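Keep in mind that this is a model prediction, so the values were computed, not measured.
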Amino acid sequence: NLYLNCKRKSMSYSFQTHYPSSAHEAASKAVTLYFANHTEVEALLLTGSCARGKASIDSCLDFAVVIRPEVLAKKKFHFQHHWEQFYSKDKVLKELRQAGRYSHIDIDFIDCVFKPSYHGYTTRADEFEVEIGNYLVYCEPLYEKGGYYQAFKEQWLPYYEEKLRHERLEMVMGYLVNNLDHIPLF
């Protein structure tokens, strides 16, 4: 089990937020103002290609709206409904939709409660590591209040304790080996 015994290296990521057009930047500001005016919103994160500095004129704007779990469970539909009304009527957001072929806004409402789940040797990996990466590493916080979001960064970065790392790697390796074992030899 060479792979399971390898030591974790400290990694740092560097990227620069980039808006490919003035319409993208103006839309990002409008979205930030919209969600900053909601008392239940703990943070607004710019995610995706704009956050990583890889966007083009055709890129969409991706956001994650961080809301405490007890509020999100009760009001997710409310937030989605009101967002859709704002999105369809706001002039700045309409200009973004006209800027490029895929230039629209994608919104995820999240609570930042990341839970690893089990996957066996025949089931693919869950979204655990992807969520941590997208919402804690490869993003740009545009708005934060209090310390709710920051507490999750402190909890999960740099990722997780050694025992959980080993368990997660073992599950992935079992899945990969099973798939490799099913490839016919020539």
For this session: Answer yes or no: is there a donor N or O on one side and an acceptor on the other, between the side chain of Ser28 and the main chain of Glu25, under 3.5 Å?
Result: no

Seminar exercise, completed: Minimal heavy-atom distance between Ser59 and His24, with the atoms involved, is O-NE2, 2.7 Å

Problem set entry | Atom NZ of Lys94: over 12 foreign heavy atoms under 6.0 Å | no

Exercise. Which other residues end up in the same hydrophobic cluster as Tyr102, if Ile, Leu, Val, Met, Phe, Trp and Tyr are linked when side-chain heavy atoms come under 4.5 Å apart?
Worked result: none

Problem set entry | Spacing of OH belonging to Tyr148 relative to CG belonging to Asp111, to within rounding of 0.5 Å | 5.5 Å

Exercise. Should Leu72 and Phe109 count as side-chain neighbours, where that means a heavy-atom distance under 4.5 Å?
Worked result: yes

Problem set entry | Verify same cluster id: Tyr175, Val130 (apolar side-chain graph, 4.5 Å) | no

Exercise. So do the side chains of Trp83 and His38 get within less than 4.5 Å of each other, counting heavy atoms only?
Worked result: no

For this session: Treat each ILVMFWY residue as a node, draw an edge where side-chain heavy atoms are under 4.5 Å apart, and state whether Phe79 and Ile110 are in one component.
Result: no

For this session: To the nearest 0.5 Å, tell me how far Tyr34 OH sits from Thr32 OG1.
Result: 13.0 Å

For this session: Mind telling me whether Phe77 and His81 have parallel, tilted or perpendicular rings, with 30° and 60° as the class edges?
Result: parallel

For this session: Report the hydrophobic cluster partners of Val177, with the cluster defined as I, L, V, M, F, W, Y residues connected by side-chain heavy atoms closer than 4.5 angstrom, directly or transitively.
Result: none

Exercise. Hey, quick one: are Val137 and Leu142 part of the same hydrophobic cluster, counting side-chain heavy atoms closer than 4.5 Å, chains of contacts allowed?
Worked result: no

For this session: Heavy atoms only: give me the nearest Pro20-Ser56 pair and the separation to one decimal.
Result: CG-O, 3.0 Å

Exercise. Do Glu40 and Lys75 sit within salt-bridge range, that is, some charged N less than 4.0 Å from a carboxylate O?
Worked result: yes

Exercise. Do the side chains of Ile105 and Val92 join up, straight or via other hydrophobic residues, at under 4.5 Å, putting them in one cluster?
Worked result: no

Problem set entry | Closest contact, heavy atoms only, Tyr19 versus Leu46 | OH-CD2, 3.5 Å

For this session: First locate atom CG of Leu136, then atom CH2 of Trp156, and finally report the distance between them rounded to the nearest 0.5 Å.
Result: 9.5 Å

For this session: May I ask you to decide whether Glu70 forms a salt bridge with Lys74, counting only side-chain N to carboxylate O separations under 4.0 Å?
Result: no

For this session: Group every Ile, Leu, Val, Met, Phe, Trp and Tyr by side-chain heavy-atom contacts under 4.5 Å, then state whether Val65 and Leu45 land in the same group.
Result: no

Problem set entry | Nearest heavy-atom neighbours spanning Ser88 and Arg97 | O-NH2, 3.9 Å

For this session: Anything under 30° is parallel, anything over 60° is perpendicular, the rest tilted; go ahead and classify Phe114 against Tyr135.
Result: parallel

Problem set entry | ring-ring contact (aromatic ring centres under 6.0 Å, His included) partners for His104, two or more places apart | none

Problem set entry | Test item: Asn37 and Tyr143 side chains (from C-beta on) under 4.5 Å apart, heavy atoms | no

